[in-house]
Amino acid sequence: MEFELLACGGRQIMSVIAPTFRLSYFLKSILDNVFWIIVLVTLVGIPAIQIVLFYIEMPVINGELLTPFLALTWLADPSRAIPIVKAFMYTDFFRIAVFPGFGLAALVAAGTIFVERKMLAKLQLRVGPFYCGKVEGILQLAGDGLKLISKEIIIPAKADKPIFWIAPVAFVGTAAAFVSLIPVAPGWVVADVELGVLAVFAVIGFFPIVTVLSAWSANSKFPFIGGIRALHQMISFEIPLILSLLGVVMLAGTMSLTGIAESQEFIPWIVFLPVGAIVFFICILAELERIPFDLPEAESEIVAGWLTEFSGMMYGLVQLGTYLKLYAFAALFTVMFLGGWSGPMLWPPFPEEIITDGIQLGPITATIPGLPLLDQAMLNGVLWFLLKTVAVIFFILLPRGVFPRIRIDMLLSLGWYKLIGLSFINIFIALALLYAGVLGPGGII
Amino acid sequence: MYVTTGEDEANEGEEVRLMSTPVPTAQPFLEKFPDATIISDDVDRPAILVPKEHIIDAATLAKEMGFDHAESVSGVDFPNDNQIEVVYHLGSYTNENLTKCVLALATRAPREDDPRPGQDSTRLPTLREVFYSVEFHEREIFEMFGVYFEGHPDNRRLLLPEDWADLPPMRKDFAIKGR
Amino acid sequence: MVGELAGNYGNILLMFGFAVVAVGPALIISRMISPRKRSNPVKFLPMECGQVPKGEGRTHFMMQYYAYILMFVVFDVMAIFLYAWGGSILMLPKSATLPLIAFLGIMFAAMAFALYQSQRRNIW
Amino acid sequence: MIEMNATPLVILGVLGVAGVILPVLDVARRERFTQMYAALALGALFISIGYVGYQFVSGVIQPGAVFSTDVLANDAFGGLFAIAMLIVAVFSVTGSISYMRNQKYPAVYYSLILLSAIGMVLVAYSTDLVMLFVAWELMSIPTYVLAGFMKRNPISNEAALKYFLFGAMSSAIIVYGISMVYGLTGTTNISEVIVGLTTLDASMIPLAILAVGLFIAGFGFKMGLVPFHMWLPDTYEGAPQPITALLAAATKKAGFAATIRIVIMGMAALHLDWALALGVIAVMTMTIGNVAAIMQKNLSRMLAYSSIGHAGYILIGLAVAPYSATGLQGSLYHVLNHAVMKGAAFIAISGVVVALAVTHLDKIKGLGRRMPITALGLTISLLALAGVPPLNGFWSKLMLFGAALDSGSVVWWGPWLAIAAVLNSALSLAYYGWIMRKMYFEGEDAKRVREPKSVIAVMIFSIIFMVGLGVYPDPVIQFVEIATPTFTIP
Amino acid sequence: MTMSAQLPPGLQLEKVDERIMTLNVGPQHPGSGHMRIIVQIDGDYIVACDPDPGYVHRGEEKMAEYRNYITNIPHLERPVIHDSCNILYPYVLGAEELLGIEVPERAKYVRVIAAELNRCVYTLYWLAIYGIFLGHSTMFMWPSGDRELFIDLLEKLTGARVTHAYFIPGGVRNDMPANFEDVCLRQVRYFEKRIAEYSDIFYDNPILISRTANTGVLSRNDAIRLGTTGSVLRASGVDYDVRKKEPYDVYDSLDFETNVLKSGDSYARSKVPWLDMMESCRIIRDALSKMPKSGSVRTKLKPNPKGGDTSVYKRVESGRGALGCHIVSRKKPEPYRVKLSVGSFRNLIAMPYLLKGEKLGNMPSVYWSLNYWPVEADR
Amino acid sequence: MADAVFLALSVLTVGSAIAALEMRSLIYGSIALMGSLGGVAGFFFLLDAPFVALFQLAVYVGSIAVLILFTVMLVRRELIFKKIEDKRRKMAGIGLMLVFLVSVGALIMSSGIHQLESDSPPIDFREIGEDFLVYYWPALVVMALILSGAVTGALVLARREVENGSN
Amino acid sequence: MALIEFVLVSVALLGIGIYGLAVKRNAIRMLFAVEIIINAANLNLVAFSRYVDDSGGQTLALFSIAIAAAEVAVGLALVVVAYRMYKDVDIANFRSLRG
Amino acid sequence: MGTATGIIKALNSGVKHLARKRFTLRYPEQKLKFVGDGYRYDPVTGVGVAGLKGRHMLFHDHCTGCQLCSIACEGVAEAIAMVKVPETHKQNKKSIMPQIDYGKCVFCGLCVDACPFYALYMSNDYELSSFTKEGLIYTPAQLQVKPHVSQDAEIKITDRGATHG
């Protein structure tokens with residue numbers, strides 16, 4: 001009898017430590033959530049959409065004002081739907097959310113994570129993610145995302161909660177703001193600004209603030225040390241970063257990223273300014289906190305640096321922001337030094353007869369107006385841009401397998417002594433090229 | 001700057017091997033401390049038991065003979081003699097004749113049946129001033145046997161948990177459960 | 001017309017807003033579906049390698065490299081000032097480089113002193 | 001485009017190179033260099049003074065104040081201020097040699113003094129508001145550091161912090177004033193501003209008044225005019241005494257230089273309505289300064305209040321300038337004199353501090369016997385400050401009060417201004433006499449201590465200057481007449 | 001300052017102790033083993049350091065007093081399961097002397113081969129951790145992978161991957177399997193080629209050198225005074241290797257060198273084990289060639305043997321330095337007292353000494369370059 | 001649209017300027033100051049001065065705010081949250097501010113500038129560069145002297161005093 | 001948007017800054033107030049620059065931002081020194097210099 | 001310059017390894033091949049036979065119930081308990097045989113060394129995990145079963161690196 005009681009007691013204690021999974025509870029929670037979503041959508045969402053539709057100026061397509069009803073009927077007819085898609089593709093929202101903006105960046109970021117894992121595994125003679133998704137672990141990222149989103153978010157008791165909550169989101173937002181400046185093809189850029197280079201500096205100036213605020217708000221020693229290290233590192237490398245791009249700006253005569261990319265249609269600036277490119281690349285590594293400069297997250301010294309107290313999806317968001325930032329920096333390198341989208345035409349031309357004659361679908365011939373959605377030059381540009389960016393990303397990822405982490409004093413002296421000196425040398429190279437009459441207006445080239 | 005053993009060092013090593021001739025080490029102790037006991041007169045493993053009054057002098061003598069570090073300090077509990085023996089195994093890195101030799105310098109402290117580590121009579125002078133390398137070993141002996149080393153700056157817990165309130169565990173009267 | 005350039009720069013802010021709106025729900029969803037056990041106060045202590053935290057988390061700290069932050073404020077200004085020159089260099093006469101050389105010379109001298117000071121760690 | 005051999009550019013080059021090289025020399029430092037730094041700084045300053053004098057003698061400088069279309073003008077007005085400020089900088093550097101003997105970073109100290117001197121000189125020379133503002137900041141920012149240079153000393157630190165906060169505020173207000181003026185006229189060059197203001201639409205006049213008011217407030221903080229004087233005694237007491245000399249005798253004058261240029265501008269805009277206001281401020285300033293000085297027990301603090309009072313005297317000249325030809329002359333003359341007098345007084349105090357480590361009034365008993373030369377210098381400078389006849393202070397005061405009386409024919413308040421000033425001078429003689437009494441007639445058991453050589457040098461120079469120019473003031477008066485800008489009432 | 005007389009009371013300059021932060025590194029920390037290092041940092045510098053081992057203390061020495069000479073074997077290897085042959089070695093040698101057993105010649109060679117293989121296993125593991133402590137994840141993976149070669153060999157030889165329980169008083173448990181020599185030679189040859197590649201990516205890496213060189217310098221005199229041992233000692237320029245100085249079993253007939261570096265810094269301490277691994281490969285090949293091709297490998301024991309009334313102190317050179325075993329016997333089947341003097345515990349004393357004044361970033365590299373294995377120190 | 005943006009920006013700027021002075025915690029005050037500075041940058045964008053706006057963001061928010069934040073973090077925690085309140089002084093300050101605002105506001109409203117409109121094209125940043133190096137070049141050199149003096153002075157000030165250490 | 005709106009915002013910021021300087025005694029907060037005044041001036045400058053179509057205002061705004069950076073560097077260094085000495089950043093709590 | 005060459009050398013080494021073969025045993029699909037059928041002991045010569053020390057194999061027809069294995073285990077892990085078995089053997093009068101608790105066993109093989117009757121061997125089976133503690137206790141009947149293992153992966157060394165093939 002006593003034995004049974006003890007066993008019961010023991011089981012209860014066990015159940016506290018490791019709660020048994022009950023399918024019924026799980027289903028119930030899902031149903032609850034679904035119920036509330038339906039209620040909210042019907043009570044709030046649909047009226048909100050109605051109100052928004054009332055105020056938004058709807059596009060006029062094929063001479064007809066697009067109403068929601070019309071859009072629904074057009075869904076049935078592809079020949080009528082494509083203009084809508086095309087009209088949608090030229091809105092700001094599409095640019096921000098999907099193509100040159102967030103969607104593309106998130107896709108490249110996801111690809112980067114996958115490639116990083118597999119490449120690092122290959123370099124280290126192991127396999128990497130393997131089982132998830134059958135083919136070489138291609139769904140591992142989705143699995144990790146699910147895991148992160150279903151993990152509990154633990155906030156330290158004495159943390160400064162508002163800052164602590166906002167910091168990851170602000171980090172992603174800042175990274176996205178950085179992404180918005182990147183032109184991927186002629187005209188395909190979220191924010192085509194005249195002073196793009198300065199805008200980049202203004203945006204990356206926010207990362208140290210977010211970092212140090214989140215580190216401060218956690219009220220813990222390791223994040224604090226890590227945050228202060230991150231602050232020192234980021235600001236120390238910001239000056240060589242700024243200076244290393246000055247040569248390109250001088251030679252191109254413009255600060256617009258689009259203009260800079262266009263200015264190197266034939267010869268990329270890396271040919272003339274290799275020193276600046278190297279300095280910029282090293283600064284990228286440092287700004288991204290990647291090995292060998294990952295000492296804000298040096299796990300053997302300070303656990304995980306300023307990320308120590310982040311748990312669950314907050315950590316996931318910071319990682320997302322980091323990889324968005326990685327994409328943006330690699331793309332910036334491409335634009336500044338590698339010529340952006342310029343490259344020989346590789347993309348096959350869109351067959352003319354489809355536009356003129358239509359598509360033979362079984363017995364019917366359907367002419368689809370509005371084709372092609374994207375023109376050849378743009379697709380070619382995007383192809384070249386992505387190829388170059390991926391190459392740069394590869395070189396950003398490679399040091400992780402090759403180098404150990406360096407120390408903060410070495411890092412600071414590297415940034416302040418060597419890189420600043422080299423970037424001034426780069427400026428003088430650019431000045432010499434300009435005044436010797438090699439480049440610039442009336443130059444040889 | 002960072003090279004492996006060059007040729008000259010290798011040659012030195014050869015010479016060292018030839019030079020190192022064992023010397024008897026136990027006799028000087030007996031001459032200097034008549035009340036010491038020679039347990040073993042082996043050339044490689046001499047062993048001397050010195051009363052605790054002379055242990056520092058004996059250690060100083062050993063240091064003068066060329067023993068420069070302590071390899072090990074082990075305590076042995078002898079409840080029948082009511083004594084705890086502390087054996088210092090001293091070795092030499094610098095004296096070529098003593099490279100093979102490990103001198104076991106033993107001393108004994110009185111043992112109490114009801115030990116209160118640090119407060120009872122089970123205490124010995126520390127050898128930390130003579131051989132700096134015994135610092136952590138003596139800390140271990142203190143917590144495992146309750147031998148308080150007078151003059152040791154850091155008689156603290158080392159391996160046992162902070163809240164250990166039982167007997168010093170390596171004493172013979174501390175029995176493992178079920179044995 | 002005032003405000004004609006602002007629209008382009010506004011897109012940066014819109015992108016920021018979009019990212020916040022797009023990823024913010026991830027936190028909310030995570031908060032909704034993840035388990036939340038409030039049973040154990042130890043769980044909410046800050047990380048201190050399994051020990052009970054001692055002292056303040058935010059302390060007067062890490063002054064050895066404070067010099068670099070002070071320097072950053074000044075040299076950041078210098079670096080961006082250079083862009084006013086570098087961006088318009090194609091329009092400027094060549095004699096306009098001379099004041100800039102003076103500017104840079106003064107800044108280099110300051111930088112030499114500052115780097116020398118910041119390297120001496122025992123005074124920070 | 002300004003010529004490369006113009007005075008301000010040469011001063012900028014000489015002092016700038018010296019000021020920038022000094023910290024770099026500190027990097028390659030050897031122990032014996034401490035005196036070398038001061039020597040280098042002094043050399044640069046003497047070269048600058050010499051160049052200004054050479055330009056005067058060779059006569060290339062245009063007399064009066066010139067408003068060129070460039071950022072800097074090469075005129076006699078600036079030259080006068082330049083000489084006054086550079087002399088004070090020389091005093092300050094010389095006085096610091098003994099003061100800095102055991103302090104750290106002498107190179108940075110002297111370099112900052114040089115940089116500040118550049119700023120002061122350029123303030124006097126600048127004819128563009130942007131240049132004026134930048135030079136103003138170059139004058140101010142090093143002095144914030146210098147005021148807090150004695151880091152072990154909490155008083156110095158607190159003084160510096162207060163000085164910094166008010167200084168930053170004053171410069172912020174100046175920018176605001178510049179922005180208003182710029183908005184009204186669309187330019188920052190003072191000559192164009194004057195043109196713009198004279199042709200200003202009537203509806204904009206209140207804004208111009210606001211702008212000039214902001215200017216007066218902003219510069220008034222530096223000059224220590226009365227509503228804005230509260231930081232001044234604290235700072236002058238706390239800062240190292242050679243720096244206090246620099247602050248009291250030089251940066252204040254830079255404020256006057258800027259004010260005179262701006263006031264000319266404001267006169268065009270405001271049709272003389274500001275003169276009475278300036279007069280009221282002048283009376284308040286000197287009265288409050290002198291009255292408060294009587295109550296002080298600390299030597300530095302007493303002289304700080306006294307310098308507030310002297311700001312009032314100088315302001316008289318500005319107030320009556322439109323009505324009396326000698327008003328502005330008197331102001332400039334007093335600027336020059338006050339620079340030497342106040343500089344000498346503070347350097348004397350720094351000598352006292354170095355030798356005896358006291359500034360309290362009761363502790364300097366018998367100073368006349370302990371440090372005779374310093375005490376003599378201090379006495380003569382105090383007498384000059386009070387305006388005792390054979391000394392140079394008398395002549396400038398005479399010129400100022402005369403101008404005030406002279407203007408009585410145009411405005412009713414002119415004579416009253418003169419009366420208030422004379423009363424104040426009498427009042428100031430009282431507390432100066434108190435100091436002298438403490439120095440010479442109290443404290444019998446004093447024996448002589450070693451006086452710092454650098455302070456003695458300053459003392460001897462300033463005694464010669466004050467007595468010599470008091471006896472034979474004509475060349476300086478001619479010089480001042482050349483330098484005085486002409487006032488034309490539109 | 002001359003004005004100090006005017007200082008109001010209560011004012012003072014900043015004191016150093018107000019800037020100090022106490023940081024627990026461990027036990028739950030990626031940069032500590034099963035131990036805690038209480039470091040006090042002033043900004044980026046460590047001003048004091050107090051190692052706090054004992055988190056995995058199991059009282060192996062106490063347990064050994066209750067078990068007889070044979071059944072002690074699976075227990076005494078537990079503290080260092082990565083180096084289990086070597087930690088048993090001195091005990092087995094001592095037990096043989098106490099029990100008076102002769103060991104067959106072939107068994108001695110087999111023992112040497114197993115010990116050297118095990119040294120490689122340990123050192124590779126150590127190197128992997130050293131790599132990850134410096135943030136070099138490839139240096140974590142490569143040694144971990146190459147360690148498999150030796151684990152595989154040892155598993156073929158002894159039947160267990162880590163806890164071999166292979167040495168026994170009187171020889172070894174079992175003979176080599178057939179064609180073991182070929183497999184062993186092939187893999188050792190491969191490994192020698194492989195280990196040379198470490199230098200490109202790790203030991204010759206300028207970042208590593210600049211990070212670890214001249215940090216945590218232990219001078220020759222201090223190394224001797226502190227009684228350090230093993231690679232720490234040899235990196236400081238003391239040529240002391242028990243295998244050379246007091247050869248046990250058949251080491252005197254084998255051809256190898258000791259590696260001595262002079263600089264005594266973290267880099268040298270990390271390089272000595274790597275060089276030692278090369279020597280181990282040389283020893284293995286030499287031993288395989290000199291080994292008698294047949295013969296017994298184990299002297300049969302009486303059940304429950306009793307030791308004499310003496311004590312012995314035996315030493316071997318393990319992966320972490322000299323490993324001594326002091327056995328006191330009192331004519332019983334169980335030893336009266338077993339004391340293991342382990343290299344980790346002896347090197348622990350150098351930790352506060354070296355870390356004081358170092359930068360926080362150097363803490364992991366200096367700590368792990370001491371060749372410290374927390375579990376062994378705790379026993 | 002632009003008016004709405006203007007309104008939002010002015011609320012942000014003025015509101016966070018007040019918050020920067022009145023927030024209980026200095027850290028939040030710094031964040032509010034950043035908001036105010038960012039709002040001013042937004043005004044610069046509205047005024048077609050992107051160079052100044054981005055300079056403001058990069059220098060003010062990117063480095064000055066970081067320095068302020070870092071210095072605030074060095075201050076003891078209880079001081080961050082301490083706030084000295086002097087009710088009378090505060091009331092007087094508010095009154096002073098209101099008087100000032102009303103009078104100056106009335107002055108401005110009554111003046112002629114509220115009729116000013118502009119439809120000229122925005123200023124290219126290259127003109128600013130030209131200004132710097134052709135007209136204002138002595139000011140640029142003086143600026144360099146300011147920066148160098150500031151950095152040397154600040155470093156000398158901020159360094160720690162070591163007891164009886166050499167320099 | 002007319003010029004007057006920008007000028008009004010600028011005046012509001014100026015008022016807030018003056019209020020802060022008059023009321024606050026915390027050195028860091030007073031620094032905040034100074035920054036706010038400088039920003040008000042910059043806003044004024046840029047607004048006038050836009051409406052009178054002249055680049056000089058923007059140039060002065062750039063100068064003033066840069067000078068503010070230098071000023072803040074010096075000021076915060078002074079605050080750090082004061083904090084080391086007094087363990088306080090409140091200038092009202094400093095030793096009273098008066099008298 | 002040494003720094004630059006060092007960095008290039010390291011990068012080159014890293015890139016070279018991208019073409020190397022992977023050195024990973026994909027465990028559930030591949031299993032390592034072991035020597036022989038497990039560790040066993042010849043009491044005549046007193047020497048063991050090399051093999052994996054995996055799960056034990058008990059030969060019921062050799063076991064005499066002498067308890068020597070249990071006694072040997074007593075000092076090590078106390079994993080072996082003698083239990084009654086239902087069937088009777090003529091050499092095992094007491095009908096007791098070892099039952100092994102793999103939750104305690106350390107796989108030292110001293111029990112095999114102790115058995116003088118060739119009754120207790122060890123086998124190549126090492127996959128013993130269980131969801132309950134009870135599942136780790138192997139009765140004599142379970143110990144009798146010969147494990148079915150398919151272990152064939154071996155380290156192959158080629159020019160492009162070592163692999164588990």
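What you see is a predicted model, and the numbers here were worked out from it, not measured in a lab. Reminder, nothing fancy here: chain letters follow the sequence lines and each chain counts from 1.
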For this session: Heavy-atom pairs under 4.5 Å with chain C are the metric here; pick the option from F/V142, F/L145, F/I128, F/I64 that has the most.
Result: F/L145

Exercise. Measuring heavy-atom distances to chain F, does C/A114 have an atom under 4.5 Å in its side chain, in its backbone, in both, or in neither?
Worked result: both

For this session: Output the option from F/A150, F/P50, F/A53 having the highest count of non-hydrogen pairs under 4.5 Å with chain C.
Result: F/P50

Seminar exercise, completed: OH of F/Y60 to CG of C/D76, rounded to nearest 0.5 Å, is 13.5 Å

For this session: State, to 0.1 Å, how close F/A41 and F/Q56 come at their nearest heavy-atom pair, and which atoms those are.
Result: CB-CG, 3.8 Å

Problem set entry | Distance-minimising heavy-atom pair for F/V61 and F/M34 | CG1-CG, 4.2 Å

Problem set entry | Structural part of C/F103 lying under 4.5 Å from a heavy atom of chain F | both

Exercise. In residues 104-111 of chain C, which residues are in contact with chain F at a heavy-atom separation under 4.5 Å?
Worked result: C/I106, C/M107, C/A110

Seminar exercise, completed: Smallest heavy-atom separation, F/A32 atom then F/A20 atom, equals CB-N, 3.6 Å

Problem set entry | Ring centers of F/F44, F/F51 separated by less than 6.0 Å | no

For this session: Would you mind reporting whether C/V21 and C/F18 have side-chain heavy atoms less than 4.5 Å apart?
Result: no

For this session: Please find out if less than 6.0 Å separates the ring center of F/F132 from that of C/F81.
Result: yes

Problem set entry | Pairs where residues 65-75 of chain F contributes a residue and the test side-chain hydrogen bond (donor to acceptor under 3.5 Å, both in side chains) is met, not counting sequence neighbours | C/Y66-F/T71

Exercise. Where does F/L147 contact chain C at under 4.5 Å (heavy atoms): side chain, backbone, both or neither?
Worked result: both

Problem set entry | Which atoms of F/L54 approach chain C - backbone, side chain, both or neither, heavy atom under 4.5 Å | side chain

